[in-house]
Number of protein chains: 2
Amino acid sequence: MVDVFVRIAAVLSLPRSVGELYGILFISPEPMCIEDLMRKLRISKGSTSQGLKILRSFGAVNTTYVPGDRRDFFTAESALRKIVSGFVNEQIRPYLENGKERMARLEDLAQAEADNAFFIDRIDRLRGWQKRANALLPFALNLIKPD
Amino acid sequence: MVDVFVRIAAVLSLPRSVGELYGILFISPEPMCIEDLMRKLRISKGSTSQGLKILRSFGAVNTTYVPGDRRDFFTAESALRKIVSGFVNEQIRPYLENGKERMARLEDLAQAEADNAFFIDRIDRLRGWQKRANALLPFALNLIKPD
DNA sequence: CAGATTGTTCAGAAAATAATGAACAACGCA
DNA sequence: TGCGTTGTTCATTATTTTCTGAACAATCTG
């Protein structure tokens, strides 16, 4: 089961340990603290802390309070929508913004070389791709609305 | 411009050189041979050959024949649909198949532990996610139908 | 506030990934 | 068939990414 999430992590270009952490939390009925995670996964404290930081950054794990215990406890967020939208906002949007800016710069270049039909065609094409990719995002988010 | 494709390659977990190769072909009005690519990108023959192999594997570059020249010449495929569907078929589908099989195995486990309500709930949830992801693919392909 | 516990950071080690280049294979041509 | 050219493969090297663990910071407790 943990392996399932390790693979998902790989697709998303996240470290293996991040997938492991989420996986173990996903199948744990009880919240876990850092030491639990270290022991179960046999990874260092540093990796555990870093991995949890990443997972929290896009809302894939939640911190829970356990009365009478000073340590932090974590659970896996199970609402796919929250995770995906968090991930998009934190890890994808910055790229997209950058892409837009970059495209703008290319457009300027195109203006300068108004005679180079081939170059202009390529930029147009690229812009078409970008438009389609942007259209996909809202739909994807909508698909997972119910949860 | 090449940089744009290098970034896209990174998102898709492809080597940098693969992005460079596609980028340079994308903005080249003329077909290019391996030596051209090596010179322009300052990469080795091995990388060039390997990178082109990957790009061909999902139809992102085409081989063209140049009369009177024994070398292979390459151009960038500019139909997004072809590239995406090729990429999905070659690089994504295998994972999905594997995922299905893996899920089946988990279901068996669930049967065995029919009393563990939590475990069953988690498997159900995971299955729900998988279903949504699968639903997204056809839509994405449809979105880029016109080209 | 002192002492103990818990979490974070970061320099260095280890592991994974990608690039190189030389050996080799495939192919065309005379 | 033999020679020259072009493309591929793969062991080695280089680079990048990830993990480790000890030092440090933050926080609680009495």
Side-chain angles (χ1 to χ4, degrees), chain A residues 2-3 5-25 30-58 60-75 91 95, chain B residues 2-3 5-25 30-58 60-75 91 95:
Chain A
V2 168
D3 195 46
F5 290 101
V6 168
R7 279 151 195 271
I8 295 176
V11 170
L12 302 176
S13 309
L14 292 172
R16 165 188 194 83
S17 67
V18 169
E20 293 179 325
L21 286 166
Y22 186 83
I24 204 79
L25 287 172
E30 307 298 334
M32 297 178 88
C33 69
I34 287 191
E35 210 194 290
D36 294 337
L37 292 165
M38 286 173 61
R39 252 204 354 268
K40 277 263 187 188
L41 297 173
R42 308 290 189 85
I43 61 178
S44 71
K45 195 149 69 131
S47 288
T48 310
S49 174
Q50 285 271 119
L52 288 171
K53 189 175 171 183
I54 292 172
L55 286 167
R56 269 174 309 181
S57 81
F58 55 87
V61 308
N62 298 122
T63 309
T64 69
Y65 173 67
V66 170
D69 200 318
R70 201 135 74 60
R71 295 170 295 180
D72 298 341
F73 282 76
F74 303 91
T75 59
Q91 322 273 317
Y95 272 98
Chain B
V2 169
D3 196 45
F5 290 100
V6 168
R7 280 153 194 272
I8 294 176
V11 170
L12 303 177
S13 308
L14 292 172
R16 169 190 191 81
S17 66
V18 169
E20 293 179 324
L21 286 166
Y22 186 83
I24 205 79
L25 287 172
E30 306 298 335
M32 297 178 87
C33 68
I34 286 192
E35 209 195 288
D36 295 337
L37 292 164
M38 285 174 62
R39 253 204 352 270
K40 278 264 187 187
L41 297 174
R42 307 293 190 84
I43 62 179
S44 70
K45 194 152 68 132
S47 288
T48 310
S49 174
Q50 286 266 120
L52 287 171
K53 189 176 171 182
I54 291 171
L55 286 167
R56 269 174 308 180
S57 81
F58 54 87
V61 308
N62 298 121
T63 310
T64 68
Y65 173 69
V66 171
D69 201 318
R70 202 134 71 63
R71 295 170 297 178
D72 297 341
F73 283 77
F74 303 90
T75 59
Q91 323 272 318
Y95 271 98

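Labels below follow one simple rule: chain letters A, B, ... track the order of the sequence lines, proteins then strands, and each chain is numbered from 1.
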side-chain N/O R70(A) vs dG30(D) OP1/OP2, d < 4.0 Å: no
Counting any heavy atom closer than 4.0 Å, what does R71(B) reach on the DNA or RNA strands: base, sugar-phosphate only, or nothing? sugar-phosphate
What is the separation between atom OH on Y65(A) and atom P on dG7(C), rounded to the nearest whole Å? 14 Å
Residues passing the side chain to side chain contact (heavy atoms under 4.5 Å, CB included) test with M38(B), sequence neighbours excluded, are I34(B), K45(B), T48(B)
Closest heavy-atom pair and its distance - S13(A), A10(B): OG-O, 4.1 Å
Got a second to check how far C33(B)'s SG is from R39(B)'s CZ, nearest 0.5 Å? 7.5 Å
What pair of heavy atoms forms the shortest contact from G68(A) to Y65(A), and how long is it? N-OH, 4.2 Å
Specify the separation, in whole Å, of atom CD1 of I54(B) and atom P of dT8(D). 12 Å
Could you give the angle between the helix axes at the two ends of the helix from dC1(C)-dG30(D) to dA30(C)-dT1(D), with five pairs per end, rounded to 10 degrees? 20°
A quick test of your reading: do over 12 heavy atoms of other residues, nucleotides or ligands sit less than 6.0 Å from CZ of R16(A)? no
Length of the line joining L52(A):CG and dT9(C):C1', which is rounded to integer Å: 15 Å
Grab the CG-C1' distance between D69(A) and dA4(C) for me, whole Å please. 14 Å
In whole Å, what is the span from the CZ atom of F73(A) to the C1' atom of dT6(C)? 11 Å
For nucleotides 18-23 of chain C, read 5' to 3', which letter fits each nucleotide if B means a protein heavy atom sits under 4.0 Å from the base, S means only the sugar-phosphate is that close, and - means neither? SSBB--
Examine dG7(C): is either OP1 or OP2 under 4.0 Å from a nitrogen or oxygen in the side chain of K53(A)? Give yes or no. no
Please determine, for the side chain of D72(B), which listed nucleotide (dG7(D), dG4(D), dT8(C)) has the closest atom? dG7(D)
Rounded to whole angstrom units, what separation is found between the CG atom of D36(B) and the P atom of dG7(D)? 10 Å
Can you check the L37(A) CG to dG7(C) C1' distance for me, whole Å? 13 Å
Indicate the atoms forming the closest heavy-atom contact of L21(A) with L52(A), along with that distance. CD1-N, 3.9 Å
